[in-house]
Amino acid sequence: MISLYVISVCVKWNFKLNNRNWEKLEYKYLFGPVPSRRLGISLGVDLVPLKYCTLDCVYCEVGKTTNLIIKREELVPFEEVIRELDHFLGEKPKLDYITFSGSGEPTLHNKIGKIIKHIKCNYPSYKLALLTNSTLMSNELLREELQQLDLILPSLDAASQDIFEKINRPHENLIIQDIIDGLVLFNENFSGKMWLEIFLLPGINDTDDEIIKLKEAAEKIIPDKVQLNSLDRPGTEKNIHKLSGKRFAEIAAIMEPLPVEIISKFVVSNISGGYNRNVEELILTMITRRPCTIEDLSAITGLKPAEISKYTGSLLDNGKAGVKDMERGRFFYLLPDNISE
């Protein structure tokens, strides 16, 4: 059998010949542009190694947290992130957003404010977004650093400590009320948009009692939208499931008059500008030969795990790939109907 190493070298060489954009795979801290369910064509900025986070959520598609921390540090080199941004944005690419997201919680990087300022000063035409789990919003300095964002997408999956611990499995020093209070204080002075995401899990945080508490928290935070989400693809734990459409509708009704939308399902086929079909074909080639984890595919292609997950997610949504949990992790494989004779 041909080794993964040999396959990766051959595929990389051929891919480079046929795609002049292969150079972007050399970036260590940028990924994409990729199609996002909420942000259109987005350039990702990944400021933390895989997987440094303040939470270890049961539903996380990136995988289990390996470094559960809350101390803000320069987790990846600030100067290298700036160099990559200058190189990429110097070509004036067409983007809907530059988005801070990726392998863990981006606000753990203690220079995210300086990076935001650099982009705003040197590339003011681009809109900036942040995907955050909200856990560090009690930090006054961080709240000030994020004020120049155009859009913040914080998550809030619980309004009571026991449910917070059950779903998000937080660092031991995190208190849900402090997080809610931090979001309230942040949004009092924020001139951009805030879309508050609530990830719903049947039997855990979808009870009327918890939904009412979440509604009360959202009424204090005053986001521009409340976005209800649930599981579309396999998460970290096997025993969690997707919320039913009926329950989604019931919860949306409880949330009224807050501006609520359901974002649970996303189909990538209508977004083409940032979706590289050559990358999809490369991934399909690899999982045809043998099942691969996101980490395997990342090592082979040079793409960030967060970017790989966009492509594997699309393959799952479109019925081209399946997924199976095994001892070493979550493996993606080609479904039989897509195997060529």
Transitive ILVMFWY side-chain link Val184 to Leu214, under 4.5 Å: yes
Leu149, Leu183, Ile222, Val226 screened by side-chain contact (heavy atoms from CB on, under 4.5 Å) with Met194, the one that passes: Leu183
Minimal non-hydrogen separation, Asp224 against Gly192, with atom names: OD2-O, 4.1 Å
All side-chain hydrogen bond (donor to acceptor under 3.5 Å, both in side chains) counterparts of Asp162, not counting sequence neighbours: Ser160
Under the side-chain hydrogen bond (donor to acceptor under 3.5 Å, both in side chains) test, residues paired with Gln147 that sit two or more places apart: none
All pairs passing salt bridge (Lys or Arg N to Asp or Glu O under 4.0 Å) where residues 92-114 contributes a residue, at least two apart: Glu74-Lys111
Least distance between heavy atoms, Leu75 atom then Leu47 atom: CB-O, 3.9 Å
Ala321 to Ile287 - nearest heavy-atom pair and separation: CB-CD1, 4.0 Å
Pair listing, salt bridge (Lys or Arg N to Asp or Glu O under 4.0 Å) test, anchored in residues 144-153, at least two apart: Arg72-Glu145, Lys120-Asp150
Heavy-atom closest pair, residues Asn187 and Ile221: ND2-O, 3.0 Å
Polar side-chain atom of Asn139 near backbone of Leu136 as donor-acceptor pair, under 3.5 Å: no
is_close_aromatic(Phe100, His109), centroid dist under 6.0 Å: no
Test side-chain hydrogen bond (donor to acceptor under 3.5 Å, both in side chains) applied to Ser101 - qualifying residues, sequence neighbours left out: none
Those residues that, when tested against Glu73, pass side-chain hydrogen bond (donor to acceptor under 3.5 Å, both in side chains) (two or more places apart): none
Residue pairs passing the salt bridge (Lys or Arg N to Asp or Glu O under 4.0 Å) test where at least one lies in residues 208-220, sequence neighbours excluded: Asp208-Arg247, Asp209-Lys213
Tyr126 vs Leu89 side-chain heavy atoms within contact, under 4.5 Å: yes
Check: Pro170 main-chain N/O paired with Asn168 side-chain donor or acceptor under 3.5 Å: no
Under 3.5 Å donor-acceptor, Asp56 side chain and Lys64 backbone: no
Tyr52, OH: over 12 other non-hydrogen atoms inside 6.0 angstrom: no
Note: Glu84-Lys28 ion pair, threshold 4.0 Å (strictly below): no
Steps toward side chain to side chain contact (heavy atoms under 4.5 Å, CB included) verdict (Leu228, Ile263): CA-CA 6 Å; Leu228 305 181; Ile263 62 165; over 6 Å; no
Within residues 166-190 or reaching into it, pairs that qualify as ring pair (Phe, Tyr, Trp, His ring centres under 6.0 Å) - sequence neighbours excluded: Phe186-Phe190
Gln227 and Glu197: side chain donor to acceptor below 3.5 Å: no
Test item: side-chain donor near acceptor, Asp46 and Ser103, under 3.5 Å: yes
Co-membership, hydrophobic cluster, residues Ile175 and Leu55, 4.5 Å side-chain: no
side-chain contact (heavy atoms from CB on, under 4.5 Å) involving Asp86 - partner list, sequence neighbours excluded: Ile82, His118, Tyr123
Nearest-0.5 Å distance, CD1 of residue Ile163 to OG1 of residue Thr207: 6.5 Å
Members sharing Leu141's hydrophobic cluster (side chains within less than 4.5 Å): none
Which atom of Thr107 lies closest to which atom of Thr132, heavy atoms considered: CG2-OG1, 4.0 Å
For Leu153, the rest of its hydrophobic cluster, which grows through side-chain links under 4.5 angstrom: Leu39, Tyr97, Leu131, Leu151, Trp195
Side-chain cluster (under 4.5 Å, hydrophobic types only) that Leu185 belongs to, other residues: none
Leu200 backbone acceptor or donor facing Ser230 side chain under 3.5 Å: yes
Whether Tyr59 and Phe199 hold their rings parallel, tilted or perpendicular, with breakpoints at 30° and 60°: parallel
Shared hydrophobic cluster, Leu68 / Phe164 (ILVMFWY, side-chain heavy atoms < 4.5 Å): no
Nearest non-hydrogen partners of Pro33 and Phe88, listed with the distance: CD-CZ, 3.8 Å
Interatomic distance, Leu130 atom CG to Ile152 atom CD1 [nearest 0.5 angstrom]: 5.0 Å
Side-chain donor or acceptor of Ser134 paired with backbone N/O of Ile179 under 3.5 Å: no
Sidechain-backbone polar pair: Gln161 side chain, Ile176 backbone, donor-acceptor under 3.5 Å: yes
